[in-house]
Engineer: 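So that we are looking at the same thing, I have put the structure below in structure tokens.
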Protein chains: 2
Amino acid sequence: MRLFAKGGYAAVSMRQIAAEVGMQAGALYLYTPDKQTLLYDLMREHMEDLLAQWAQARIDGAPLQQLEAFTRFHINYHLERPDQVFIAYMELRNLNEENFKRIEALRRDYERELEEILRAGNMKNDFTIADARLSTMAIIAMLTGMTTWYREDGRLSRERIERIYWNMVRRSVGA
Amino acid sequence: MRLFAKGGYAAVSMRQIAAEVGMQAGALYLYTPDKQTLLYDLMREHMEDLLAQWAQARIDGAPLQQLEAFTRFHINYHLERPDQVFIAYMELRNLNEENFKRIEALRRDYERELEEILRAGNMKNDFTIADARLSTMAIIAMLTGMTTWYREDGRLSRERIERIYWNMVRRSVGA
DNA sequence: GTCTATAATCAGATAGAC
DNA sequence: GTCTATCTGATTATAGAC
């Protein structure tokens, strides 16, 4: 994960990966049939963990409360795993067609969680949004973007950043 | 640009680039000292063009009008150049330290344009934002994210998408 | 300005010893 | 389960012909 995030899939050799885990290159093939499958497995495990963790974190309640839960979950999950997040977004192009479709399906499943919260809130007039799919993509992009600049020792505490972003999300849906 | 965007810097060979422009690999070295400089030049030209185009597009007026101008400019500029945008964000890790600093400085210049609009609007109480820098990063991430899913022949027209996003931006700053 | 040829190195993956 | 050695082919960059 660390090597792929730092240099990109194509730039990392099986020899480098082997050195990182204290082996010779040949021994890696006891654990993966090839480099492509290794990337796919890392991405799949990340997406499956994301979905599983959200299934644990989600709450029942009013759409506004669900939206807040999703926002805070998404921020914290992503800020704690910057390498995985970077790979999950940037290395899609290095998956073969079949693997790409599988990862995209998992991503869709996750996006749908937010989309359904937005639809429910719109139906009850808790939110005022023109298009739930667009708001979903906008909110996820806004939140995920934090991983590109967030630093543990930055100017603002994570709690404060989280509150500010939640405010922006809330206002963006007209709540 | 197209090749780097599709496969990533490391995955693209000088032979592929040469074939794309109808040459042999050796002839490329008449135009660039090495592959790294070629990437840097592409990124620098993109950032300089972005800044130049915004200098043309920017307007005087109330902060809300300036924010709308920035939002619409950013959307249109980025949707028309998905390959450049992708490279400008994803290939930063493949620049050497010196080149990375130069590109980051140009990006900062661009971000500062939005940040100053937000600060001005906040001072006049046209906006209600807790932190101009955070709002800047949030808005840019939200808008730039459109390039990952936008298709010319998609469900919604560009004009409609633009209007919906502008609404979300406007509301996110409390205007 | 472009080509061909090549140097020097490195890639992913496999075979076989232990 | 891991190592060493190796196959095959690709890589960046350069040299020198034209």
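Naming: A, B, ... by sequence-line order, numbering from 1 per chain.
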Engineer: Whole angstroms only, please: what is the CD1-P distance between Ile17(A) and dA13(C)?
Structural biologist: 10 Å

Engineer: Let me know, please, whether Leu30(A) or Ala10(B) comes out on the 5' side of the other along DNA chain D by nearest nucleotide.
Structural biologist: Leu30(A)

Engineer: State which residues pass side chain to side chain donor-acceptor pair (under 3.5 Å) with Asn94(B); sequence neighbours excluded, sorted by chain then number.
Structural biologist: Glu91(B)

Engineer: So what does Val12(B) hit on the nucleic acid, given a heavy-atom distance under 4.0 Å: a base, only sugar-phosphate, or nothing?
Structural biologist: sugar-phosphate

Engineer: Taking side chain to side chain contact (heavy atoms under 4.5 Å, CB included) as the definition, give me every residue that meets it alongside Ala19(A), ordered by chain and number, with sequence neighbours left out.
Structural biologist: none

Engineer: List the residues meeting ring pair (Phe, Tyr, Trp, His ring centres under 6.0 Å) with Phe86(A), not counting sequence neighbours, and say none if there are none.
Structural biologist: none

Engineer: Taking atom C1' of dA11(C) as reference, at what distance in whole Å does atom CG of Asn94(A) sit?
Structural biologist: 15 Å

Engineer: To the nearest angstrom, how far is Met23(B) atom CE from dG1(C) atom C1'?
Structural biologist: 8 Å

Engineer: Considering residues at least two apart in sequence or located in another chain, which fulfil the side chain to side chain donor-acceptor pair (under 3.5 Å) criterion with Asp126(A)?
Structural biologist: none

Engineer: Testing Tyr110(B), Tyr165(B), Trp166(B) one by one against Phe70(B) for a ring-ring contact (aromatic ring centres under 6.0 Å, His included), which residue passes?
Structural biologist: Tyr110(B)

Engineer: Do any side-chain atoms of residues 40-47 of chain A form donor-acceptor pairs under 3.5 angstrom with protein atoms, and if so which ones, sequence neighbours left out?
Structural biologist:
from: Asp41(A); atom 1: OD1; to: Arg44(A); atom 2: NH2; distance (Å): 3.1
from: Arg44(A); atom 1: NH1; to: Glu48(A); atom 2: OE1; distance (Å): 3.3

Engineer: Can you tell me the distance, in whole Å, between the CD atom of Gln24(A) and the P atom of dA15(C)?
Structural biologist: 19 Å

Engineer: Check nucleotides 13-15 of chain D for protein N or O atoms closer than 3.5 Å to its own N or O atoms and list the pairs.
Structural biologist:
from: dA13(D); atom 1: OP2; to: Tyr29(B); atom 2: OH; distance (Å): 2.9
from: dA13(D); atom 1: OP2; to: Lys35(B); atom 2: N; distance (Å): 3.1

Engineer: Find the distance Leu28(B):CG to dT2(C):C1' and express it as a whole number of Å.
Structural biologist: 11 Å

Engineer: Without decimals, in angstroms, what is the distance between Leu3(A) CG and dA11(C) P?
Structural biologist: 12 Å

Engineer: In whole angstroms, how far is the P atom of dA13(C) from the CG atom of Leu39(A)?
Structural biologist: 12 Å

Engineer: Strictly below 4.0 Å: does Ser13(A) bring a side-chain N or O up to OP1 or OP2 of dA11(C)?
Structural biologist: yes

